[in-house]
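So the structure is just underneath, and the comments pick up after that.
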2 protein chains.
Amino acid sequence: MYTYEYPRPALSVDCVIFGLNDDELKVLLIERAHDPYAGYWAFPGGFVDMDETTEEAAKRELQEETGIQNMYMEQLYTFSDVNRDPRGRVVSVAYYALVKLSDFTNQVHASSDAKRAEWFQVNHLPPLAFDHAKIFEVAFNRLKGKVRYQPIGFELLPEKFTLSQLQKLYELILDKELDKRNFRKKILSMGLLVELPERQKGVSHRAAKLYKFDKIKYKELEAKGFSFEL
Amino acid sequence: MYTYEYPRPALSVDCVIFGLNDDELKVLLIERAHDPYAGYWAFPGGFVDMDETTEEAAKRELQEETGIQNMYMEQLYTFSDVNRDPRGRVVSVAYYALVKLSDFTNQVHASSDAKRAEWFQVNHLPPLAFDHAKIFEVAFNRLKGKVRYQPIGFELLPEKFTLSQLQKLYELILDKELDKRNFRKKILSMGLLVELPERQKGVSHRAAKLYKFDKIKYKELEAKGFSFEL
DNA sequence: TCAAAAGTGTTCCGAATACACCCATGA
DNA sequence: TCATGGGTGTATTCGGAACACTTTTGA
């Protein structure tokens with residue numbers, strides 16, 4: 001038991017994890033087994049330990065609940081509505097993360113807890129627990145905003161990707177169609193993509209060239225004041 | 001005394017308040033009377049009560065410590081380094097605020113506590129307590145970023161302002177000179193400024209027209225997909 | 001009459017947009 | 001041989017950048 005002179009809210013973290021599956025943008029949810037909100041879905045999360053930052057807590061929870069590691073992660077917002085959790089005062093620091101879904105088997109095995117984890121398409125989410133619908137909204141808007149002026153979209157793609165995959169990704173996130181020629185012209189003119197001596201395999205049409213994102217070059221350019229924009 | 005099954009970090013808020021004084025961008029700091037960091041300066045802040053959101057806490061602290069009310073305020077970031085406060089584990093949700101300094105007497109009277117509050121120019125800050133230098137850095141960068149694609153600069157100016165004042169403000173925040181004609185052309189072309197039937201008074205040169213920002217029109221345009229950009 | 005800031009248009013250049021056809025591949 | 005997506009260039013338009021002089025006012 002721990003006692004304090006003044007009352008303290010509990011502090012938790014929640015993670016909105018985006019992944020790209022073929023032509024669909026998805027988020028990872030976990031089904032709640034117990035009340036409150038038994039049967040509802042929620043973002044993975046948990047309480048912050050005393051010897052870890054909130055970011056460390058978010059990564060730990062993610063690892064524990066889904067086995068996912070080493071993803072791109074960023075703080076989203078802190079949610080502190082007094083009644084957001086019926087069990088009592090809980091303030092939650094939300095993070096959002098981008099993962100290369102291709103790195104995982106299609107189903108993320110929920111961990112120890114025998115909780116069920118599943119990827120849902122972003123515009124077909126089931127009923128969410130707590131204020132998680134609000135959290136998702138903030139996360140998705142942040143992603144839409146950020147993807148345009150920082151090259152974080154690549155975090156969702158496999159190491160090697162085609163220009164069409166990249167374009168489709170942007171079309172999904174920004175929710176509008178882009179012109180193929182203009183898109184290619186612009187993205188290639190930045191000089192951040194490396195053309196690989198490889199092509200797509202096993203497709204029943206002309207095989208596309210594969211590219212990878214040159215992170216090192218991006219860091220260099222960024223330091224010189226270059227700004228990614230799409 | 002309050003007792004919990006698991007230990008909990010304390011939860012506080014800190015506010016970075018920006019104000020514009022003539023030709024200088026300033027932030028409000030409070031001198032610490034006691035250890036830790038006695039004699040250092042810190043952003044106003046305090047602990048979050050159980051019946052208020054973090055945003056409410058930030059506004060309350062600001063009101064208590066400085067008397068400032070009704071300013072533009074936005075959540076900045078949550079700082080959770082394990083050792084950021086030598087007294088123990090304290091997680092702090094930081095906010096930044098923009099105030100019309102013209103609304104206040106030049107010196108903000110520090111409140112009850114007999115703490116000394118003072119406005120400092122943003123590039124001549126005294127030594128700051130805790131991780132407040134880091135907080136300031138994040139806040140200033142956020143301001144620089146946000147001011148370009150949201151019309152928040154107006155929150156720093158008086159109701160009625162001249163185009164030169166507006167331009168100077170942007171030059172200060174973005175830290176670069178802007179061309180007068182291009183600036184005016186662009187800002188006026190947005191149709192968000194209302195020309196008032198008034199002019200500057202008591203200046204020893206040609207008196208400038210006064211304008212005000214049309215917030216209602218901005219909301220309308222924003223809803224239609226217009227995006228402010230400078 | 002001087003100093004100091006207000007106010008005002010045009011030209012040029014580069015980037016964004018619009019747009020259509022042939023190519024390679026496996027089924 | 002057909003269906004499917006891969007790959008490519010040009011003309012036009014629009015917005016950003018550069019740039020200098022006249023006007024007004026109070027000291």
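Numbered from 1 within each chain, the chains take letters A, B, ... in sequence-line order. Remember, it's a predicted structure, so these values are computed and weren't measured experimentally.
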What's the [atom1]-[atom2] distance between [X] and [N], to the nearest Å?
X	N	atom1	atom2	answer
B:Gln200	C:dA5	CD	C1'	9 Å
B:Ile187	C:dG7	CD1	P	15 Å
A:Asn182	C:dG14	CG	C1'	15 Å
A:Asp179	D:dG9	CG	C1'	12 Å
B:Leu174	D:dG16	CG	P	15 Å
B:Arg184	C:dT10	CZ	P	17 Å
A:Leu188	D:dG7	CG	P	10 Å
A:Arg148	C:dA16	CZ	P	12 Å

I want to check one thing: is the phosphate of [N], taken as OP1 and OP2, less than 4.0 Å away from some side-chain N or O of [X]?
X	N	answer
B:Ser164	C:dA5	no
A:Arg181	D:dG7	no
A:Ser204	C:dT25	no

Any N or O donor-acceptor pair linking the side chain of B:Lys185 to the base of C:dT10 at under 3.5 Å? yes
Cation over ring face, A:Lys215 and A:Phe213, 6.0 Å, 45°: no
Given DNA chain C, 5'-ward residue of the pair B:Lys180 and A:Arg199, judged by closest heavy atom: B:Lys180
Between B:Thr162 and A:Arg206, whichever has its closest DNA chain C nucleotide further toward 5' is B:Thr162
Does a donor on one side chain and an acceptor on the other come within less than 3.5 Å for A:Asn182 and A:Lys185? yes
Under 4.0 Å between a side-chain nitrogen and a carboxylate oxygen: does that hold for A:Glu56 and A:Arg60? no
Result of checking B:Leu76, B:Val16, B:Thr54 against B:Tyr95 for side chain to side chain contact (heavy atoms under 4.5 Å, CB included): B:Thr54
Once you round to the nearest 0.5 Å, how far does CD of A:Gln69 lie from CD of A:Gln63? 4.0 Å
